[in-house]
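For clarity, every value in this text was computed on a predicted model and none was experimentally measured. Both ligands and their constituent atoms are indexed starting at 1 by order of listing. Index from 1, following the sequence.
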Amino acid sequence: MYKIMTPGPTQVSENVLKARSLPCTNPDLDLSFYDFYKETCELISRLVGTKNETLILGGEGILGLEASCASLTEPGDRVLVLDNGVFGKGFADFVTMYGGEAVYYTTDYKKPLDPEALEAYLKQDHAFKYATLVHCDTPSGMLNPIHKLCPLLKKYGILTVVDSVSAMFGEPVQVDESGIDLLCGGSQKALSAPPGLTFVTVSRQAREAMDRRRTPIASFYASLKAFEGYYEKKWFPYTMPISDIYGLRAALDQVWEDREMISRHERIASACRGALTRAGLRLHTLGGYSNTVTVFDVPEGVTAEAILEGMKAEHNIMLAGSFDVLSGQVIRIGHMGNNANVADMTETMQALEAVLKSLGMELRASLGEVFGESLGEE
Ligand SMILES: *Cc1c(COP(=O)(O)O)cnc(C)c1O
C-alpha cells in the first residue's frame, strides 16, 4: 500500500472505513435514513457557512459540476466561464453540452483571477445567466479569491457556480457571506472520505432559476431538481449509496470537531512552499497558492516520471504529476485533509529530497530540515 500524498484521493482514516462497513438498511424504505441523509446535508451546510440546502449526489466531484450546469443551463443561455486553469476552462464543456453559450474570461494561468480586472470586464458585458469559477484549480494548485469574485458577480446579477472540490475544508468557504449560489464539493479531497460522492449547496435564487426554466433539465441523474421534496415525499430519485454516506458522515463529524483544520493546512502548506523554494525548486504559479496542494516545476535534467517512480519504488509514497497543458511539467504534493499532518509531510519531504538527489539534482537546502524547522519556529 502506498502512502497517497496526492491532491485527492487522500488518506482515509480508520473511523471512516469502519462507518462504511456498518450494516445496510434499505435507504429507500427505511424512513430513518431520510433523517440521516438530511442531517448529514445540514452538517455540510453549517461547515461551509450557509443556510442553503445541501444535496449529496451519488457520484464523483465531476457529477456535482455537471449537475450544476445541467440544472441551470437552458439552450441559448450565456454563461461566463472564468478560466485560469484546466478545471476553470473545463466548465465550458458542461455549459455547451446542455445547450448554453460559454463565454470564456481567460486570464494568465499562473496568476489568481483579479477581481478588479473582472469588474472592468463586467462593466462592459454582464448579460450572463451564471458564471462558473474554480476555488482551487488542482492541476496548478491555483487558489482563486472566490470571496471577492462571487459578491462582484452577484452585484451584476449573475448567479455563481463554484467548484471548491479540492479547497473546501482546507481553505475557508463562506457561502452565504459571498453569495455562492451553487457550491460543489467532493468526498475524496480535504474531507478524506473515499471517492464516490459529491455535494452541492443550492441557494434560493438558484432554485428559482431552475423553477423558472422554460425547458426541462436535459438530464435525470444530473438534475438537482430531481431531489425536490425528497424529505417530505420520502422519495429519493435513485437509491442512495448508503455505505458511502455513512463514511461521509464520519468524515464530516471529524471535520466538525477539528477546530484547527484550516490553520493546520496553512502551517503545513506554508512550510512546504518554504522548503521547496529554499532548496532551489520553483513553485509553479506566481501567487494564489492553495493550502491544500503544492505544485512545483519539474527541475531541468529530470523528468516528472522519474521523480514519481522514485517516490513510489524507493519510499512507497505516491505524489501526483499533472495533466492537460501541465502534463509532465509539474509535481503535485497533496497536503489536504488527513494528508495535512506533520509526520506524513516530513516523511514526504525527506523522501523527495532523497529522490531528487539520487537523480543527480543539487539542492540548496535540505527539504526535510527546512520543512521541520519552519514548523518548529512557531
Ligand atoms: C478532484 C476535482 C474534481 C472532481 O474530479 P473527480 O475526477 O470527479 O474526482 C473537480 N474539480 C476539481 C478542482 C478537483 O480537484
Open item on the list: I want to check something: taking the side chain as every heavy atom from C-beta on, are Cys272 and Met345 in contact at a cut-off of under 4.5 Å?
Closed with: yes

Within the 4.0 Å heavy-atom shell around [X], which atoms of ligand 1 are there?
X	value
Thr138	12 (C), 13 (C), 14 (C), 15 (O)
Gly61	4 (C), 8 (O)
Glu60	6 (P), 8 (O), 9 (O)
Gln188	6 (P), 9 (O)
Cys136	13 (C)
Asp163	10 (C), 11 (N), 12 (C), 13 (C)

Task: Min heavy-atom dist His135 to ligand 1 below 4.0 Å - done: no

- [ ] State if Pro139 counts as touching ligand 1 under the rule of any non-hydrogen atom under 4.0 Å.
- [x] no

Open item on the list: Less than 4.0 angstrom from a charged side-chain N to a carboxylate O is my criterion; do Asp253 and Arg249 meet it?
Closed with: yes

Task: Under-4.0 Å salt bridge between Lys154 and Asp181 - done: yes

- [ ] Ignoring angles and geometry beyond distance, decide whether Ile62 reaches within less than 3.5 Å of ligand 1 through its nitrogen or oxygen atoms.
- [x] yes

TODO: For the pair Glu42 and Arg46, evaluate salt bridge (charged side-chain N to carboxylate O under 4.0 Å, His left out) and give the outcome as yes or no after the intermediate values.
DONE: CA-CA 6 Å; Glu42 286 164 358; Arg46 279 203 295 281; 5.2 Å; no

Open item on the list: Could you tell me if Lys312 sits above the aromatic ring of Tyr2, with its cationic atom closer than 6.0 Å to the ring centre and no more than 45 degrees from the axis?
Closed with: yes

- [ ] Run through the side-chain heavy atoms of Ile, Leu, Val, Met, Phe, Trp and Tyr, join any pair under 4.5 Å, and report what else lands in Leu286's cluster.
- [x] none

Open item on the list: Give me the nearest non-hydrogen protein atom to atom 2 (C) of ligand 1 as residue plus atom name, then the distance to 0.1 Å.
Closed with: Lys189 NZ, 2.4 Å

Open item on the list: Take a 6.0 Å sphere around CD of Glu314 and say whether it holds more than 12 heavy atoms from other residues, nucleotides or ligands.
Closed with: yes

